[in-house]
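Any value given below was found using the heavy atoms of this structure, including those in side chains, with hydrogens, waters and symmetry copies removed. So that the names make sense, note that chain A is the first sequence line, chain B the second, and so on, each numbered from 1. Predicted, not measured: the structure shown is a model, and the values here were computed from it.
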Amino acid sequence: MSIQVRNIAKRFGGFTALDGVTLDFPSGELVALLGPSGCGKTTLLRIIAGLETADGGHVLLEGEDASGRNVRERQVGFVFQHYALFRHMTVFDNVAFGMRMKPRAQRPTARQIREKVHSLLELVQLDWLAGRFPSQLSGGQRQRIALARALAVEPRVLLLDEPFGALDAKVRKELRRWLRRLHDELHITSIFVTHDQEEALEVADRVVLMNRGRVEQVGAPEEVYRQPATPFVYSFLGAVNLFHGRVDSEGVRVGGDLLPRAAQEGGLAEGARVLAFARPHELDIIAGNGGEGGMAAKVCRALSFGVTTRIELEGSDGQHFEVELTRERAEALALAAGQTVRLVPSNLRVFEYEEGAGI
Amino acid sequence: MAAILQRGADPAARFETRAATREAPWVKWTLIAVALLFFALFLLMPLIAVFIEALRKGWEAYFAALTEPDALASVRLTLIAAGIAVPLNLVFGVAAAWAIAKFEFRGKHFLITLIDLPFSVSPVIAGLIYVLMFGAFGWFGPWLDAHGVKIVFAVPGIVLATVFVTFPFVARELIPLMQAQGREEEEAAIVLGASGWRVFWHVTLPNIRWGLLYGVILCNARAMGEFGAVSVVSGHIRGETNTMPLHVEILYNEYQFAAAFAVASLLALLALVTLGIKVWVERRVSRPSPRAQDGATS
């Protein structure tokens with residue numbers, strides 16, 4: 001089922017949670033709502049589910065306005081961050097709950113319910129836990145049961161609110177992959193909320209980036225990572241180095257230093273105040289104090305585990321920089337802590353400076 | 001209250017076994033002795049005294065005092081008052097706790113304060129309120145009199161006073177429990193298609209059942225034992241408006257000590273039974289369901 005939201009607005013007292021959000025969720029896709037806490041992503045999810053009512057705007061389910069429709073009639077499956085399993089029921093009863101709550105005319109027989117529950121428990125690979133109580137399960141198991149419970153009523157949409165937020169890093173990674181596989185099997189339109197950019201990029205077909213109640217960018221994971229549309233997206237997705245400066249005929253001038261810029265993109269006027277971004281791997285280090293161009297910085301320490309070496313540096317005004325080099329390159333440079341070097345970007349993204357852009 | 005007693009191995013045992021936190025033996029034994037002495041002197045001895053005094057004139061006199069018509073009437077009235085007040089407060093208490101724990105609304109803090117009012121107001125005042133409202137010279141007195149309805153110095157007044165005094169017990173027990181449990185399970189049930197009533201019946205109620213029972217037990221104990229408020233509205237009409245505590249007082253004032261203690265022993269016995277049930281409930285609360293170890297059920 002496709003979902004569209006049109007101009008959704010929501011305020012809590014003086015706080016604007018959602019400020020005119022318009023989005024399309026095509027049928028069968030797995031979409032991530034990604035943003036920092038307080039950006040409105042969970043509120044949006046709850047409005048789509050019908051657990052919260054919007055102050056303005058519409059939610060269209062399969063092109064039909066659902067604003068007047070009760071949560072019970074929306075046929076959504078909802079997975080909560082803290083599982084929300086019924087603690088006094090066994091796993092079996094939890095999964096069977098939705099089917100047992102159906103009006104008598106639509107309710108499956110006890111036998112059908114039993115078969116369905118067991119097939120769902122097999123799907124989440126936890127059939128052997130049917131008789132246990134939620135308190136006897138691990139976090140990862142609980143969330144898989146919560147998912148089976150949500151799927152039991154054959155929802156047309158699956159909504160997941162930070163489903164892996166309460167789990168430890170290893171389990172989270174495992175469940176992520178598992179959710180992706182499950183989605184490829186079922187092809188049910190799914191939206192999941194997360195503040196973990198790695199999770200969003202890894203699992204979703206498309207990523208919606210939100211900030212301060214607004215949509216910043218929508219796109220495939222690769223697209224939003226490679227071509228961030230706004231300064232916020234750039235700084236939120238992955239590690240980044242930020243420079244405040246002004247446009248110059250040769251590049252971006254930051255204090256007394258000059259960052260060379262290859263392409264004159266965006267048509268920025270000379271002298272305009274800008275934010276320039278470079279990812280850690282897009283900066284190179286030039287040892288020695290000579291040479292023009294690049295940003296002066298002092299080496300703080302080098303961390304070399306894994307395939308690359310991460311070097312942390314400090315700018316003249318105390319700003320923190322991070323550079324990622326191949327190990328060979330780092331070894332060739334033979335950097336020492338306290339040494340002054342110059343940072344030269346191989347790729348620089350420049351945005352016009354805006355007051356209060358959330359950086 | 002029940003929540004504090006919940007779960008986990010006894011932390012006192014761990015505290016005791018570690019040298020760093022262990023007190024000197026004389027501290028330990030002095031504290032235990034003081035506590036036990038106090039308990040024996042002020043709690044256990046009076047309780048034993050009640051039964052000794054009750055049986056001073058033998059079993060025959062004891063049973064005679066209990067089966068005397070006025071005594072039976074007082075037992076009946078006490079049961080009626082508790083029988084009405086407890087279910088009413090069960091419903092009010094659950095409704096109030098539900099409203100406070102699960103919804104946001106204006107005046108919520110005022111409502112919480114209001115629930116505590118019967119605890120903070122002297123029971124005598126609680127009784128007087130009803131006399132002032134429904135008594136012969138009260139606000140509604142003349143109107144009630146004209147329609148032949150009698151509230152003060154009659155059974156309805158006693159029930160009203162009992163309801164007032166015992167109101168906070170269930171609500172107070174449930175509010176922290178329901179607040180701690182949050183709304184998510186109910187939300188999950190609604191999304192799964194359950195109607196409001198079924199959510200309450202299948203999700204909310206099972207989650208609060210032991211806390212609820214605990215509140216009801218306390219509420220019942222107070223309803224049967226209430227003296228002050230009931231005394232003001234009762235009018236002390238023998239065989240008609242005397243509850244058990246009031247009956248005990250009358251007998252005592254008439255120097256019928258054995259009879260007074262006999263009825264008192266019945267009340268004390270009731271308190272002991274209540275305590276017994278309370279302990280049992282607490283044990284249920286602190287232990288996960290025994291069904292937990294069973295195999296698959298359907």
Side-chain angles (χ1 to χ4, degrees), chain A residues 12-13 46 49-52 70-103 106-107 110-111 113-115 117-118 121 127-136 146 149-153 155 159 161, chain B residues 2-3 6-9 101-109 174 177-214 281 284-298:
Chain A
F12 294 106
R46 290 173 63 87
L51 287 169
E52 207 94 56
N70 194 289
V71 201
R72 296 178 194 97
E73 299 153 17
R74 292 198 186 189
Q75 289 183 274
V76 297
F78 202 98
V79 175
F80 295 81
Q81 181 178 1
H82 298 288
Y83 329 120
L85 291 175
F86 307 125
R87 68 193 88 186
H88 62 283
M89 294 183 200
T90 59
V91 164
F92 184 97
D93 292 334
N94 262 285
V95 178
F97 186 85
M99 286 181 275
R100 288 177 179 159
M101 286 302 122
K102 286 193 176 178
Q106 301 165 31
R107 201 181 304 160
R111 207 189 133 160
I113 290 177
R114 195 162 55 239
E115 279 165 9
V117 170
H118 282 297
L121 287 176
D127 201 26
W128 50 287
L129 290 177
R132 301 276 184 92
F133 282 84
S135 59
Q136 299 171 301
R149 181 179 70 175
L151 291 172
V153 288
L159 306 173
D161 182 12
Chain B
Q6 266 185 23
R7 285 191 208 294
K102 313 266 171 177
F103 298 106
E104 289 301 327
F105 55 91
R106 232 175 247 267
K108 188 160 151 175
H109 286 281
L174 291 184
L177 181 66
M178 288 172 94
Q179 273 174 338
Q181 287 177 348
R183 279 183 283 213
E184 275 202 342
E185 282 184 48
E186 273 95 358
E187 279 180 349
I190 291 170
V191 174
L192 287 168
S195 63
W197 177 245
R198 303 191 81 181
V199 172
F200 176 75
W201 206 245
H202 290 283
V203 178
T204 310
L205 197 60
N207 277 343
I208 61 169
R209 59 191 162 184
W210 294 112
L212 187 63
L213 187 54
Y214 191 86
V281 169
R284 290 296 309 236
V285 171
S286 63
R287 192 179 52 191
S289 171
R291 280 208 304 157
Q293 261 68 41
D294 292 357
T297 50
S298 53

Query raised in the report: Heavy-atom distance under 4.5 Å to chain B: side chain of R74(A), backbone, both or neither?
Result: neither
Query - Distance, nearest 0.5 Å, that separates CZ of R183(B) from CG of L51(A) - result: 10.5 Å
Query raised in the report: What part of L159(A) lies closer than 4.5 angstrom to a heavy atom of chain B: side chain, backbone, both or neither?
Result: neither
Query raised in the report: Can you say whether V153(A) sits under 4.5 Å from chain B via the side chain, the backbone, both, or neither, judging by heavy atoms?
Result: side chain
**Report entry** Contacts of Q75(A) that satisfy side chain to side chain donor-acceptor pair (under 3.5 Å) - sequence neighbours left out
**Finding:** R156(A)
Report task. For H88(A) and N207(B), work out which heavy atoms get closest and say how close. Result -> ND1-OD1, 3.2 Å
Query raised in the report: Do you know which two heavy atoms are closest between R198(B) and M101(A), and how far apart they sit?
Result: NH1-O, 3.6 Å
Requested in this report: Could you list the residues that satisfy side chain to side chain donor-acceptor pair (under 3.5 Å) with Q179(B), not counting sequence neighbours?
Outcome: none
Query - Those residues of residues 185-195 of chain B, ordered by number, that approach chain A below 4.5 Å (heavy atom to heavy atom) - result: E185(B), E187(B), A188(B), A189(B), I190(B), V191(B), L192(B), G193(B), A194(B), S195(B)
Query raised in the report: Which residues satisfy the side chain to side chain contact (heavy atoms under 4.5 Å, CB included) test with R111(A), sequence neighbours excluded?
Result: T109(A), R114(A), E115(A)
Query raised in the report: Side chain, backbone, both or neither: which part of F97(A) has a heavy atom under 4.5 Å from chain B?
Result: side chain
